[in-house]
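Small disclaimer: the values here were computed from a predicted structure and weren't measured.
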Amino acid sequence: GFMGLFIMQPEIRRQGLGAQLWQARRDRLIARLKPGAVIGMDGVFEMADWYARGGFVFSHRNLRYERAWPTDFTAEQTAEQVVPLADVPFEALTEYDRTCFPGPREAFLKAWISLPERKAVGLVRDGQMACYGVIRRCGKGCKIGPLFADDAEGAEAVFQSLAEFAAGDTLILDAPENQSGAQALVKRHGLSETFGCARMYLGGVPDMAHERVFGVTTFELG
């Protein structure tokens, strides 16, 4: 499970209502899941200690990076085979995504890659998916998420293909601080840190290929 978005109106804060709401949703989610299931969350840094009192353990920081993207940007030509996700069998996409995310999410993926004003591409090597990513237009700029890749070379090729979509706008990527390849990518392209959250887990760290996560899907959904 995942807990995303926890907002209280300023005028009703410091009355204990937030604690009641947060604990109720945590307990309801635990009741809905199988015994021992992991629950994740991205919390603002200032609240991390408070969330820890509710049983969540800090794992790493996910950081938001952004940059005004050049209008004339064109992806470099490489030997990597970047193709529209529509050309990749959906089963191949869901199988790959499952290695990078702690649960199956076929219905979500089908909707996510079909959003209006978006670009979704994958990288295929020897008939096998090795990377995929999605970029979507948001209230501010264009946000990449997810960006999952076997290695830095694949992530770079897909990143550049997605970045063409953001030409002339702000490009945004939410990347794990503990993924060295992701940190090298944002540094290489001149993106600056503007925001961040503490990734925390209740019930242990999920079994997934953390090294493939160059960009999380979104803070609000995990």
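- Side-chain contact check for Arg26 versus Arg28: every heavy-atom pair is 4.5 Å or farther apart.
- With rounding to the nearest 0.5 Å, the separation of CD in Glu211 from SG in Cys100 is 8.0 Å.
- Looking at every heavy atom in both residues, Phe73 comes nearest to Ala163 through CE2-CB, 3.7 Å.
- The nearest pair of heavy atoms linking Ala48 to Met200 is O-CE, 3.4 Å.
- Across all non-hydrogen atoms, the minimal contact from Ile135 to Cys142 is CD1-CB, 3.8 Å.
- Under the 3.5 Å distance criterion, the side-chain polar atoms of Thr94 are matched with a main-chain donor or acceptor of Glu91.
- Gln160 has its side chain out of reach of Val82: every pair of non-hydrogen atoms, C-beta onward, lies at least 4.5 Å apart.
- Atom CZ of Arg188 sits about 4.0 Å away from atom CD of Glu156, to the nearest 0.5 Å.
- Across every non-hydrogen atom of Gly154 and Cys131, the tightest pair is O-SG, 3.6 Å.
- Put simply, CZ on Arg14 and CD1 on Ile12 are 13.5 Å apart, with the number rounded to the nearest 0.5 Å.
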*Kindly determine whether Arg32 and Ile30 satisfy side-chain contact (heavy atoms from CB on, under 4.5 Å), including the steps that lead there.*
CA-CA 5 Å; Arg32 292 176 59 192; Ile30 291 173; over 6 Å; no

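- Residues Val44 and Leu21 fall within the same hydrophobic cluster, defined by Ile, Leu, Val, Met, Phe, Trp and Tyr side chains chained together at heavy-atom separations under 4.5 Å.
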*Would Asp42 and Asn62 count as a side chain to side chain donor-acceptor pair (under 3.5 Å) if you check the C-alpha gap in whole Å, the side-chain angles of each, and the deciding distance to 0.1 Å?*
CA-CA 8 Å; Asp42 286 319; Asn62 286 325; 3.2 Å; yes

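- The distance from atom CD of Glu193 to atom CZ of Arg64, rounded to the nearest 0.5 Å, is 11.5 Å.
- Tyr96 is listed as a side-chain neighbour of Asp150, based on a closest heavy-atom distance under 4.5 Å.
- Residues Phe195 and Leu63 are not in side-chain contact: their nearest non-hydrogen atoms beyond the backbone lie 4.5 Å or more apart.
- Annotation for Val38 and Pro206: closest pair CG1-CD, 4.0 Å, computed over non-hydrogen atoms.
- The nearest pair of heavy atoms linking Phe90 to Glu106 is CZ-O, 3.5 Å.
- By the 6.0 Å contact criterion, CG on Asp87 is enclosed, its count of non-hydrogen atoms from other residues, nucleotides or ligands being greater than 12.
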*For Glu66 and Thr194, run side chain to side chain donor-acceptor pair (under 3.5 Å): C-alpha distance rounded to whole Å, both residues' side-chain angles, the deciding distance at 0.1 Å, then the answer.*
CA-CA 7 Å; Glu66 55 186 82; Thr194 59; 3.0 Å; yes

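- Distance alone, capped at 3.5 Å, is enough to place a donor-acceptor pair between the Gln179 side chain and the Ala182 backbone.
- In this structure, the side chain of Gln183 engages the main chain of Pro176 through a donor-acceptor pair within 3.5 Å.
- In the hydrophobic clustering of this structure, Phe45 does not group with Met3; members are Ile, Leu, Val, Met, Phe, Trp, Tyr whose side-chain heavy atoms approach within less than 4.5 Å, directly or through other members.
- Ring geometry, Phe6 versus Trp50: the interplanar angle falls under 30°, so the pair is classed parallel (tilted spans 30 to 60°).
- For Arg67 and Tyr65, the positive end is not near the middle of the six-membered ring at less than 6.0 Å and at most 45° from its axis.
- Remark: Glu76 CD is loosely packed, at most 12 non-hydrogen atoms of other residues, nucleotides or ligands lying under 6.0 Å away.
- Put simply, the side chain of Val57 does not reach to within 4.5 Å of the side chain of Leu202, judged on heavy atoms.
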*Could you walk me through whether Arg212 and Asp151 pass salt bridge (Lys or Arg N to Asp or Glu O under 4.0 Å), step by step?*
CA-CA 7 Å; Arg212 288 180 173 174; Asp151 50 44; over 6 Å; no

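- Note on Tyr51 and Leu5: separate hydrophobic clusters, where clusters join Ile, Leu, Val, Met, Phe, Trp and Tyr whose side-chain heavy atoms are under 4.5 Å apart, directly or indirectly.
- Leu93 contributes atom CG, which lies 5.5 Å from atom CD1 of Ile113 (distance to the nearest 0.5 angstrom).
- Side chain of Lys119 to main chain of Ser161: a donor-acceptor pair is present (N/O by atom type, distance under 3.5 Å, no hydrogens or angles).
- Within the 4.5 Å cutoff, the side chain of Pro146 has heavy atoms near those of the Val134 side chain.
- By the rule that hydrophobic residues join a cluster once side-chain heavy atoms approach within less than 4.5 Å of another member, Val88 and Val158 end up as members of separate clusters.
- Classified by interplanar angle (parallel below 30°, tilted 30° to 60°, perpendicular above 60°), the ring pair Tyr132/Phe148 is perpendicular.
- With contacts defined as side-chain heavy-atom distances shorter than 4.5 Å, the pair Leu185/Leu173 qualifies.
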*Please report the C-alpha distance between Val205 and His210 in whole Å, then the side-chain angles of each, then the deciding distance to 0.1 Å, and finally whether the side-chain contact (heavy atoms from CB on, under 4.5 Å) criterion is met.*
CA-CA 10 Å; Val205 178; His210 298 272; 3.5 Å; yes

_What verdict does the side-chain contact (heavy atoms from CB on, under 4.5 Å) test give for Val124 and Val83, after you've listed the backbone C-alpha separation in whole Å, the side-chain angles of each residue and the deciding distance to 0.1 Å?_
CA-CA 8 Å; Val124 178; Val83 299; 4.3 Å; yes

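- Under the side chain to side chain contact (heavy atoms under 4.5 Å, CB included) criterion, Arg136 pairs with Trp112, Leu115, Arg118, Cys138, Lys143, Thr218, not counting sequence neighbours.
- More than 12 heavy-atom neighbours from other residues, nucleotides or ligands sit within 6.0 angstrom of CZ on Arg13.
- Summarising the local packing, CD of Gln77 is surrounded by 12 or fewer heavy atoms from other residues, nucleotides or ligands at distances under 6.0 Å.
- At least one cation-pi condition fails for Arg199 and Phe58: the charged atom is not both under 6.0 angstrom from the six-membered ring centre and inside a 45 degree cone around its axis.
- Taking the side chain as every heavy atom from C-beta outward, Leu29 and Arg25 never approach each other to under 4.5 Å.
- Going from atom CD of Glu177 over to atom NE2 of His60 covers 9.0 Å, rounded to the nearest 0.5 Å.
- Between the side chains of Arg105 and Thr217, at least one donor-acceptor pair of N or O atoms lies under 3.5 Å.
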_For Phe214 and Phe159: C-alpha separation, side-chain torsions, deciding distance, then whether side-chain contact (heavy atoms from CB on, under 4.5 Å) applies._
CA-CA 10 Å; Phe214 285 75; Phe159 174 89; over 6 Å; no

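- Hydrophobic clustering (ILVMFWY, side-chain heavy atoms < 4.5 Å, transitive): Val213 and Val186 are in distinct clusters.
- Atom CD of Gln128 sits in a sparse spot, with 12 or fewer heavy atoms from other residues, nucleotides or ligands closer than 6.0 Å.
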